[in-house]
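Okay, so here's the structure we're looking at.
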2 protein chains.
Amino acid sequence: MTTALRADAQRNLVRVLDAAREVFAEQGIDAPVTDIAERAGVGVGTIFRRFPTKDDLLVAVVEQRTVQLIDAADAALESTDPGAALRSFMETAAAMHISDVCWCEAGSDLFGRDGIRELIDVLVGKMGELLTRAQTAGQVRSDVRALDIPVLLMAVAKSGLMLEEAVPGAWKRYLGIILDGLRPEAARPLPRRPLSRREFAAARDGQTA
Amino acid sequence: MTTALRADAQRNLVRVLDAAREVFAEQGIDAPVTDIAERAGVGVGTIFRRFPTKDDLLVAVVEQRTVQLIDAADAALESTDPGAALRSFMETAAAMHISDVCWCEAGSDLFGRDGIRELIDVLVGKMGELLTRAQTAGQVRSDVRALDIPVLLMAVAKSGLMLEEAVPGAWKRYLGIILDGLRPEAARPLPRRPLSRREFAAARDGQTA
DNA sequence: CCGTAACCGGAGTCCTGAGTCCGTTTCGTG
DNA sequence: CACGAAACGGACTCAGGACTCCGGTTACGG
């Protein structure tokens with residue numbers, strides 16, 4: 001069992017991943033594998049040899065994107081202004097969401113996968129840190145929780161995507177409204193208790209409880 | 001050219017529409033037509049005779065749902081408390097969105113269709129009336145516009161749907177945050193000018209400008 | 001009660017897209 | 001350079017789902 005890939009195989013692997021990232025980002029999860037093969041300048045056989053299933057390819061791509069989001073959170077954690085840090089992270093993250101149709105279409109089938117599940121948890125942890133700091137600085141209402149952040153980002157992204165082609169950047173307006181909804185002085189208590197860790201995990205993994 | 005349907009045909013038409021509404025609401029736009037035929041207790045031929053295309057069936061179903069939303073808006077317009085009217089309409093409308101996967105998956109391919117486009121305009125008009133009243137009463141910030149309401153509802157619905165199976169009703173929490181974002185005293189001006197009528201129409205109809 | 005036109009059901013067709021297979025080509029080592 | 005192993009490509013197979021077609025059935029006017 002050799003672990004080193006032949007030079008051409010290595011080259012093609014990179015090409016395939018790049019092409020998959022682009023095509024899935026543009027066309028979404030239902031993009032046909034042949035499109036990816038074509039963009040990579042490769043036969044479909046080459047793709048399926050490395051990724052036995054289209055789904056495996058999707059997992060690889062989504063993993064990459066999750067890591068990018070984690071990096072963005074880390075970058076925001078460098079900031080010394082906690083309120084601005086959270087806001088700028090959410091803007092960056094939303095932009096990343098919007099530029100990746102596939103990410104916005106992903107559900108428990110992907111987010112619950114073995115390699116990804118753990119990355120999501122790391123990401124949510126960083127979001128929680130950003131949030132807590134902003135709350136401690138009195139910049140954000142205290143009744144929101146870390147688990148609310150990914151949901152709100154998805155809300156901006158999924159609705160923003162409907163407009164994006166016709167009105168690029170429109171999502172920033174709606175992120176603005178949501179950020180205003182996170183201000184410290186709440187008009188009235190939120191109508192539902194926060195998501196528990198268990199509930200979030202169930203949604204992420206596609207279970208019913 | 002007879003306009004009156006035979007009795008059994010009429011009966012089946014109703015069954016088909018009911019089944020389609022249910023199946024599309026549960027499974028979304030990609031539900032196979034055979035599922036609808038089965039639920040209606042009818043052969044697929046019977047469906048395609050009345051609706052030459054699955055798409056035609058979808059249009060009929062989405063039209064119905066749009067009318068229901070218009071009715072909900074009308075009901076809210078009866079209220080004497082403008083702020084509560086807008087809030088309760090948004091809650092009702094969001095619940096209707098959430099209970100209909102197909103509606104949440106619909107895009108310009110459906111919303112831009114001839115019969116539906118006009119209904120959407122009527123609906124947005126009513127939303128505008130609810131909003132204006134709430135703004136006049138000083139209950140809602142003045143820089144939001146009628147066209148923002150459907151977008152925000154879609155934001156709640158699309159993100160809420162991700163959670164709905166595992167955590168029913170979670171969407172209410174996020175609607176709450178958004179409603180707080182609509183309070184009169186804005187923290188900072190919204191980062192993007194409102195959607196123009198032209199921009200909204202382009203997004204609704206799937207054009208690029 | 002009969003005749004016929006409208007209607008019904010679902011097996012069959014066609015198409016799209018995932019995943020396989022194998023003859024051909026390329027890499028890299030002796 | 002030669003040769004075996006690894007990798008390649010894309011025609012092929014297979015499954016699922018939209019839509020068709022026609023032999024059988026049902027409604028309803030006379």
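Each chain gets a letter, A, B and so on, in the order the sequences are listed, and its residues count up from 1. Everything quoted here is computed from the prediction, not taken from an experiment.
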*asked:* Taking the nucleotide of DNA chain D with the nearest heavy atom to each, does B:Arg11 or B:Ile29 sit closer to the 5' end?
replied: B:Ile29

*Within this structure, what is the CD-to-C1' distance between B:Gln27 and D:dG16, rounded to whole angstrom?*
14 Å

_Does A:Val33 reach a base, just sugar-phosphate, or nothing at all? Heavy atoms under 4.0 Å._
sugar-phosphate

*Out of C:dC27, D:dT20, C:dC7, which has the shortest distance to the side chain of B:Asp8?*
C:dC7

*asked:* Measuring from atom CD1 of A:Ile36 to atom CZ of A:Phe51, what distance do you get when rounded to the nearest 0.5 angstrom?
replied: 10.0 Å

*Spacing between A:Asp35 atom CG and C:dT16 atom P, to the nearest angstrom*: 13 Å

*asked:* By nearest heavy atom, map A:Gly45 and A:Arg6 onto DNA chain D; which one lands nearer the 5' end?
replied: A:Arg6

_Counting C-beta onward and ignoring hydrogens, is there a side-chain heavy-atom pair between B:Met127 and B:Met90 closer than 4.5 Å?_
no

*Gap between atoms CG and C1', on A:Leu5 and D:dA5 respectively (whole Å)*: 14 Å

*Would you mind reading off the distance between A:Arg15 atom CZ and D:dG9 atom C1', rounded to a whole angstrom?*
14 Å

_For D:dC8 and A:Asn12 - does any side-chain N or O of the residue sit under 4.0 Å from the phosphate oxygens OP1/OP2?_
yes

_Closer than 4.0 angstrom, basic N to acidic O: yes or no for B:Asp100 and B:Arg21?_
no

*asked:* Just N and O in the side chain of B:Thr46: are any of them under 4.0 Å from OP1 or OP2 of C:dG9?
replied: yes

_Interatomic distance where CZ belongs to B:Phe48 and P belongs to D:dT20 [whole Å]_ = 8 Å

*Would you indicate whether the side-chain heavy atoms of A:Leu57 and A:Val16 approach each other to under 4.5 Å?*
yes

*Taking the side chain of B:Pro32 as its heavy atoms from C-beta onward, which of C:dG9, D:dA18, D:dA11 lies nearest to it?*
D:dA18

*Round to the nearest Å and state the distance from A:Lys54 atom NZ to D:dA15 atom C1'.*
15 Å

*Compare side-chain N and O positions of B:Arg49 against OP1 and OP2 of D:dC21 and report whether any pair is under 4.0 Å apart.*
no

_If I take atom CD in residue B:Glu38 and atom P in nucleotide D:dA18, what distance separates them, rounded to the nearest angstrom?_
14 Å

*Look at all strands and tell whether A:Ala40 reaches a base, only sugar-phosphate, or nothing, counting heavy atoms closer than 4.0 Å.*
nothing

*Say you draw a straight line from CZ of A:Arg204 to CZ of A:Arg113; how long is it, rounded to the nearest 0.5 Å?*
13.5 Å

*Rounded to whole angstroms, how far apart are CG on A:Asp55 and P on C:dG17?*
17 Å

